[in-house]
Structures are given as C-alpha cells and as structure tokens.
Amino acid sequence: MAIFEQDDTGHWIGGEKAQGPFTGLQGGGVASVMVAEIEAIATQQGLGAAMSVSVEFFRPTPLMPLKTNPKILRRGRRSSVLTNEVWADGKQTASATVCVINPVEGLAIAANDPSNIDVSKIDPLPARAAPHGRPWLMDNFEIRPGTDGVVWFHHKDEITPDATPLASVLGPADWTHGLARPSEPKLADPNVNLQVALARHPRGEHIGIRPKTTWMPEGTGLGEGAIFDEHGEIGRVAMSAVLIPFP
C-alpha cells in the first residue's frame, strides 16, 4: 500500500508514515504527490520527461485530506512547464513548478556513469525514531551508509500508487539538510523549499545522497548535495533551512 492514496473525491490521504519529524506531513512526501501528478500528465500529453522541480513550502501540511491543482503552465516543443498546488482545509500549503524536457533523439553523447555499486550488500542502519515519537516518513526507508559520504535510501512502500521517476527522488532528497545538521538535539531544522534537478532519471531501487550543509550563527542554513543511483551521479538537490527551538 502506498504512503499516500487518493479517495473517491480525488483528495490525497496520507497514512501515519507520511508524517514529518516536526509538525504536519514530511515535505518530501507532499512534494512527491504534486510531482507524481505532474509526471502522469506529462506522460499522458506526450510532453517528455520531468527533469527538475522547485517546491515551496508555505506552511506545515496537516494530516488531513489534501486537494491538488495540477496544470500545464507552458507547452513547448522541447520543454514545458507544469505546476501543482496542495491545499488543506482551504489553505494552500505548498506549490511545485516542474520543467519537462522532450529529449533529442539520435545524439551519441557518452554517459559518464561509473561501474555499478551493489547497495544491497551494505548493512542497513538501525531505524531512527522521530522526535515526536510517532510514525514518520523515515520509517518507510531502509538507509545504508555508503562510501565517500553517500547515504543510500530504499523505499519500503511507494509514496504514491503509481511511482514516477522524479517523484521517487524527492523523499530522500528532502532529508539532505537533516543528514548534516548540527548535533544540538533541541533544534528543529525545517526547510522552506526544495529544488532538485536531474541529468537523467534514476535506474534501480536505491537513491543516494551526498549531503553538504552550511549553517550560519543566526540559524539560517543551506542544504545541498549530489544525488546518485547505483550507476553514478544523476543530479543535485538544494534547499534553504532554518534552525528553531524544538518544544
């Protein structure tokens, strides 16, 4: 069963594991719902492959039925732009803008993929409990420590029923700043946005993140990182974050 399911009215219903570490749903799950809908439209319309997304989080998204509003903002021959929104209880909580690219056929560009990595041979880390003690989206991942600072994620259940390539990256990518956060346990570190760009779609079941985070004395921060699959680097992630006291 997927983490988010659609009911008969078209609203998205998140399960317990859709929750984040603080208030409301995990941003990566909310982003995945918006992008999965956009990718489905892009496929139906023959627009191409969704390769980048910019997500804005306006407020915490509560654990309640969610309304979305996907639409095509611009349709082009080589690239198109689609948007989506999430609404809960009459308030908009997040938006996403996705660039869809229709690739050129027949180009003989050599890929820079290195030799394959068998992530399944790495022992997974122990489960990590949420600060609030309830189920959260991290419970849905098997997490393994790789080499060169890469942390590998594997979905136990899909975020949405029809898993799509870009959407499948967003759950792991949204943890980037949290993988390299200050050790002070009484600080929450919510990110206010999420930006992901891919060179190609992931292949295989594991997504790797090599995080780098910069924190300022006043509590603002920048999370960024390289995104991998088992064949090599496939993209980049960045987000703005802020440190706040956690009650």
Side-chain angles (χ1 to χ4, degrees), residues 2-4 14 17-18 20 25-43 47-57 70 81-84 86 94-101 103 111-113 116-117 119 137-144 146 149-180 191 193-213 223-241:
I3 303 299
F4 287 89
K17 288 196 296 184
L25 303 178
Q26 174 66 24
V30 175
S32 297
V33 168
M34 291 188 288
V35 173
E37 285 191 326
I38 288 174
E39 289 190 274
I41 292 172
T43 298
L47 299 178
M51 301 304 294
S52 67
V53 59
S54 179
V55 180
E56 305 294 334
F57 300 114
V81 178
L82 293 85
T83 63
N84 204 349
V86 166
S95 69
T97 303
V98 175
C99 181
V100 176
I101 296 175
N112 59 350
D113 291 347
N116 295 350
I117 302 171
V119 178
L137 192 62
M138 189 66 85
D139 294 335
N140 189 53
F141 294 110
E142 247 181 12
I143 301 175
R144 292 174 165 86
V150 177
V151 180
W152 292 97
F153 291 78
H154 175 259
H155 291 270
K156 298 177 183 177
D157 296 309
E158 300 297 346
I159 301 295
T160 60
D162 297 315
T164 52
L166 179 56
S168 70
V169 174
L170 300 184
D174 191 52
W175 293 107
T176 300
H177 67 301
L179 297 174
N191 53 307
N193 60 7
L194 176 64
Q195 298 177 330
V196 171
L198 300 180
R200 63 165 173 80
H201 283 165
R203 301 196 296 263
E205 298 181 350
H206 295 90
I207 299 296
I209 305 292
R210 181 190 288 146
K212 176 185 176 184
T213 307
E224 57 182 314
I227 305 172
F228 297 82
D229 66 10
E230 295 177 86
H231 305 281
E233 184 175 339
I234 63 171
R236 293 277 170 168
V237 55
M239 69 268 284
S240 296

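Hydrogens, waters and symmetry mates are skipped; everything else that's a heavy atom, side chains included, is used. Heads up: numbering here begins at 1 and tracks the sequence.
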With [X] via side-chain hydrogen bond (donor to acceptor under 3.5 Å, both in side chains) - residues at least two apart:
{"X": "Arg144", "value": "Glu142"}
{"X": "Asp157", "value": "Lys17"}
{"X": "His206", "value": "Glu230"}
{"X": "Gln195", "value": "none"}

- request: Applying ring-ring contact (aromatic ring centres under 6.0 Å, His included), name anything that partners His201, two or more places apart in sequence or on another chain.
  value: none

Is there a side-chain contact between [X] and [Y] in this structure, where contact means two heavy atoms from C-beta onward sitting under 4.5 Å apart?
{"X": "Trp175", "Y": "Val151", "value": "no"}
{"X": "Asn84", "Y": "Val98", "value": "no"}
{"X": "Met34", "Y": "Val86", "value": "yes"}
{"X": "His177", "Y": "Lys212", "value": "no"}
{"X": "Leu137", "Y": "Ile159", "value": "yes"}
{"X": "Phe228", "Y": "Ile234", "value": "no"}
{"X": "Ile209", "Y": "Val150", "value": "no"}
{"X": "Ile207", "Y": "Trp152", "value": "no"}

query: For Pro202, does its backbone N or O pair with a side-chain atom of Asp229 as donor and acceptor, under 3.5 Å?
result: no

task: Could you tell me whether the side chain of Asn193 and the main chain of Val55 form a donor-acceptor pair under 3.5 Å?
output: no

query: Taking all non-hydrogen atoms of both residues, which atom of Glu158 and which atom of Ala163 are closest, and how far apart?
result: OE1-CB, 3.3 Å

statement: Scanning both residues in full, the closest heavy-atom pair of Val30 with Ala94 reads CG1-CB, 4.1 Å

query: Got a sec, which pairs hit side-chain hydrogen bond (donor to acceptor under 3.5 Å, both in side chains) with one end in residues 47-56, sequence neighbours left out?
result: none

[X]: what forms a side-chain contact (heavy atoms from CB on, under 4.5 Å) with it, not counting sequence neighbours?
{"X": "Pro161", "result": "Ala2, Glu5, Trp12"}
{"X": "Leu47", "result": "Ala42, Gln45, Ile72, Arg75, Ser80, Leu82, Val100"}
{"X": "Thr43", "result": "none"}
{"X": "Ala167", "result": "Ser32, Val35, Ala36, Glu39, Thr164"}

query: Quick check, are the ring centers of His155 and Phe141 under 6.0 angstrom apart?
result: yes

message: Just to verify, what does Arg236 make a salt bridge (charged side-chain N to carboxylate O under 4.0 Å, His left out) with, not counting sequence neighbours?
response: Glu233

